[in-house]
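Here the structure is a predicted model, which is why all the values come from computation and not from measurement.
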Amino acid sequence: MSRDADRKHVIDVLVGEWAALDRLLTSLAGADWSRPTCLPGWRVTDVVAHLIGTESMLAGEPVPETGADVTALPHVRNDIAAVNEQWVTALREEEPAAMLARFRDVTARRAGTLAGMSEADFDAPSWTPAGQATYGRFMQIRIYDCYMHEQDVRAAVEAPGNEEGPAADAAIDEAARALGYVVGKRAAAPDGSTVRFDLTGPVRRALTVEVDGRARLVDGGGGTPTTALRLPSTLFLRLCGGRTTAHDAVEVAGDGELGRRILDNLAFTI
């Protein structure tokens, strides 16, 4: 796949995810917007405010000045969270119809901007939530963030869906990037060990981490792993995103103690 095709794919998946969010939000009843989510302190409308805020900033809009000391909130633990919370605070009293209109407006503007970007623009150096990289890398992370928040809303309103397809695949790819760190550093898997994550669906994937001096994701990986974790892809993403700690549905084979350490340390975002 060419670099240009990569750019087109990332943009298509991100814009498609905004469309999926639009369909979901359009289907909500008024009361659904006030339902609490699994994210501390945030209702459905606050999740949407966060999405609007991030895309608004990427569109060049300033962070609103609310006068609120959001750093005093227990779930605001860093500067990025504080910026997110300013948007949530600023839009907290907006009606659902106005929030949906804001979401549609900013994502339409962003889609237009992305469509007009050159390959050079996409490959330009950029800050990202994962460190300095490229603008294109930032947009990959945007797919993950938007998809995870779609699933947060779905869980809050008890409307499961969109658990497979391009955005779900991209979210799994993003989570997979962190598995070496999770297995090697956080779970302290011993040198020489192999860990396999068997995702049973809706997205089916086998992800193998080998520890040889350092832990890294590898293609394939034959033989019997030290530990094998078998679980649905949606649960995998929720565990990686810190949305739940319940992993009773995970089948662990091999070294059970290592498997438990991995599951207890799988969250790398929230």
Q: CG/L21 to CD/E150 distance, rounded to the nearest 0.5 angstrom?
A: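 That separation rounds to 5.0 Å.
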Q: Side-chain contact, heavy-atom cut-off 4.5 Å: D32 with R43?
A: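 Heavy-atom side-chain distance check fails, nothing below 4.5 Å.
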Q: Under a 4.0 Å N-O cut-off, is there an ion pair linking R261 with D264?
A: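 Result for this pair is no, no salt bridge flagged.
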Q: Counting only heavy atoms not in N78, do more than 12 sit closer than 6.0 Å to its CG atom?
A: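 Yes, the 6.0 Å shell around CG holds more than 12 heavy atoms from other groups.
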Q: Whether the side chain of T37 engages the backbone of V153 through a donor-acceptor N/O pair (distance < 3.5 Å, no angle test) should be reported.
A: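 It does not hold such a pair.
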Q: For R142, is there an ion pair with E17 - N to carboxylate O distance below 4.0 angstrom?
A: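 Salt bridge flag = no for R142 with E17.
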Q: Return the minimal non-hydrogen interatomic distance between F138 and S126, and the atom names on each side.
A: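 Minimum heavy-atom contact is CD1-OG, 3.9 Å.
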Q: If you measure from CD1 on I172 to OH on Y147, what distance do you get to the nearest 0.5 Å?
A: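 So the CD1 of I172 and the OH of Y147 are separated by 7.5 Å.
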Q: More than 12 foreign heavy atoms under 6.0 Å from CD of E65: is that the case here?
A: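 At most 12 heavy atoms, drawn from other residues, nucleotides or ligands, come within 6.0 Å of this atom.
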Q: So that I can tick it off, tell me whether D105 and R109 are bridged by a salt bridge, with the cut-off set at under 4.0 angstrom between side-chain N and carboxylate O.
A: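 Here R109 pairs with D105 in a salt bridge, since their nearest N and O are under 4.0 Å apart.
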Q: On a heavy-atom basis, which atom in A133 and which in T128 lie closest, and how many Å separate them?
A: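 Residues A133 and T128, closest heavy atoms: CB-CG2, 3.9 Å.
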Q: Quick check for you: to the nearest 0.5 Å, what is the distance between E55 atom CD and L14 atom CG?
A: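 It comes to 6.5 Å.
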Q: Look at atom CD of E257 and say whether more than 12 heavy atoms of other residues, nucleotides or ligands are closer to it than 6.0 Å.
A: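 Yes, CD of E257 has more than 12 neighbouring heavy atoms, counting only those of other groups under 6.0 Å.
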Q: Can you tell which of H50, R238, R243 makes a side chain to side chain donor-acceptor pair (under 3.5 Å) with D152?
A: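 When H50, R238, R243 are each tested with D152, the side chain to side chain donor-acceptor pair (under 3.5 Å) holds only for R243.
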Q: Same cluster or not: are L266 and L217 linked, directly or through other Ile, Leu, Val, Met, Phe, Trp or Tyr residues, by side-chain heavy atoms under 4.5 angstrom apart?
A: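 Yes, L266 and L217 fall within the same hydrophobic cluster.
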Q: Does A124 offer a backbone N or O that forms a donor-acceptor pair with the side chain of T134 under 3.5 Å?
A: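 Checked: no pair found.
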Q: Rounded to the nearest 0.5 Å, how far does CZ of R205 lie from CG of D198?
A: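 Taking CG in D198 and CZ in R205, the distance rounds to 12.5 Å.
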Q: Starting at CE of M99, measure out to CG of L51 and round the result to the nearest 0.5 Å.
A: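 Going from the CE atom of M99 to the CG atom of L51 covers 9.0 Å.
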Q: After noting the C-alpha distance and the side-chain angles of E85 and R92, does the key distance pass the salt bridge (Lys or Arg N to Asp or Glu O under 4.0 Å) rule?
A: CA-CA 10 Å; E85 201 67 30; R92 179 154 286 140; 3.6 Å; yes
Q: Between N162 and R154, is the side-chain contact (heavy atoms from CB on, under 4.5 Å) condition met? List the steps.
A: CA-CA 9 Å; N162 199 25; R154 288 187 177 280; 4.1 Å; yes
Q: Taking all atoms of both residues into account, what is the closest heavy-atom pair of S27 and L24, and its distance?
A: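 Residues S27 and L24, closest heavy atoms: OG-O, 2.6 Å.
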Q: Roughly how far, to the nearest 0.5 Å, is the CG atom of L25 from the CH2 atom of W33?
A: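 The distance works out to 4.5 Å.
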Q: Could you tell me whether the side chain of P96 reaches within less than 4.5 Å of the side chain of T45, counting heavy atoms only?
A: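 Not touching, per the 4.5 Å side-chain cut-off.
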Q: Side chains of D121 and Y135: does their closest heavy-atom pair fall under 4.5 Å?
A: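 Not touching, per the 4.5 Å side-chain cut-off.
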Q: When you look at CZ of R204, are more than 12 heavy atoms from neighbouring residues, nucleotides or ligands closer to it than 6.0 Å?
A: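 Counting neighbours around CZ of R204, 12 or fewer heavy atoms of other residues, nucleotides or ligands fall under 6.0 Å, so no.
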Q: I want to check something: taking the side chain as every heavy atom from C-beta on, are I11 and R7 in contact at a cut-off of under 4.5 Å?
A: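 In contact.
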Q: side-chain contact (heavy atoms from CB on, under 4.5 Å) between T245 and L263: does it pass, once the steps are laid out?
A: CA-CA 8 Å; T245 57; L263 290 170; over 6 Å; no
Q: With side-chain contact (heavy atoms from CB on, under 4.5 Å) as the test, would you mind laying out the steps for V83 and M57 before giving the verdict?
A: CA-CA 10 Å; V83 170; M57 288 188 293; 3.6 Å; yes
Q: Assess whether ring-ring contact (aromatic ring centres under 6.0 Å, His included) is satisfied between W18 and F103, documenting all intermediate values.
A: CA-CA 9 Å; W18 290 336; F103 178 79; 7.6 Å; no
Q: So does S193 get a backbone contact from the side chain of T226, meaning a donor-acceptor N/O pair under 3.5 Å?
A: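 No; zero donor-acceptor contacts below 3.5 Å.
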Q: Minimum heavy-atom separation for A249 to L235, with atom names?
A: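 Closest approach of A249 to L235: CB-CD2, 4.0 Å.
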Q: Hey, is the main chain of D255 close enough, under 3.5 Å, to the side chain of T227 for a donor-acceptor pair?
A: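 Yes, T227 side chain to D255 backbone: donor-acceptor pair under 3.5 Å.
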Q: What's the verdict on side-chain contact (heavy atoms from CB on, under 4.5 Å) for V182 and V209, showing C-alpha distance, side-chain angles and the deciding distance?
A: CA-CA 10 Å; V182 167; V209 176; over 6 Å; no
Q: Would a 4.5 Å heavy-atom cut-off, applied to side chains only, mark H247 and I262 as touching?
A: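 Counting from C-beta outward, H247 and I262 never come under 4.5 Å.
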Q: Flag yes if I141 and F236 sit in one hydrophobic cluster, no otherwise; membership is Ile, Leu, Val, Met, Phe, Trp, Tyr, and two members link when side-chain heavy atoms are under 4.5 Å apart.
A: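 No: no chain of side-chain contacts under 4.5 Å links I141 to F236.
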Q: Within the 4.5 Å heavy-atom criterion, are M139 and R110 side-chain neighbours or not?
A: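 Sidechains of R110 and M139: in contact.
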Q: Which atom names give the shortest non-hydrogen contact between A175 and L237, and what distance separates them?
A: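 Reported closest heavy-atom pair: CB-CD2, 4.0 Å.
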Q: Over all heavy atoms of both residues, which pair between V203 and S233 is shortest? Give the atoms and the distance, please.
A: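 Minimum heavy-atom separation between V203 and S233: N-OG, 3.0 Å.
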Q: Are the side chains of V63 and W87 in touch, meaning some heavy atoms are under 4.5 Å apart?
A: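 They are in contact (side-chain heavy atoms under 4.5 Å apart), so the answer is yes.
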Q: For the pair E174 and R137, find out whether any cationic side-chain nitrogen is under 4.0 Å from an anionic carboxylate oxygen.
A: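 Salt bridge flag = yes for R137 with E174.
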Q: Does E61, at its CD atom, have more than 12 non-hydrogen atoms belonging to other residues, nucleotides or ligands within less than 6.0 Å?
A: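 Enclosed: over 12 neighbouring heavy atoms sit under 6.0 Å from CD of E61.
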Q: Looking at T208, is its backbone amide N or carbonyl O close enough to the side chain of R196 to form a donor-acceptor pair, meaning the two atoms are under 3.5 Å apart?
A: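 Checked: no pair found.
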Q: Within a strict 4.5 Å, meaning less than it, do heavy atoms of the V44 and V157 side chains meet?
A: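 Yes, at least one pair of side-chain atoms sits under 4.5 Å.
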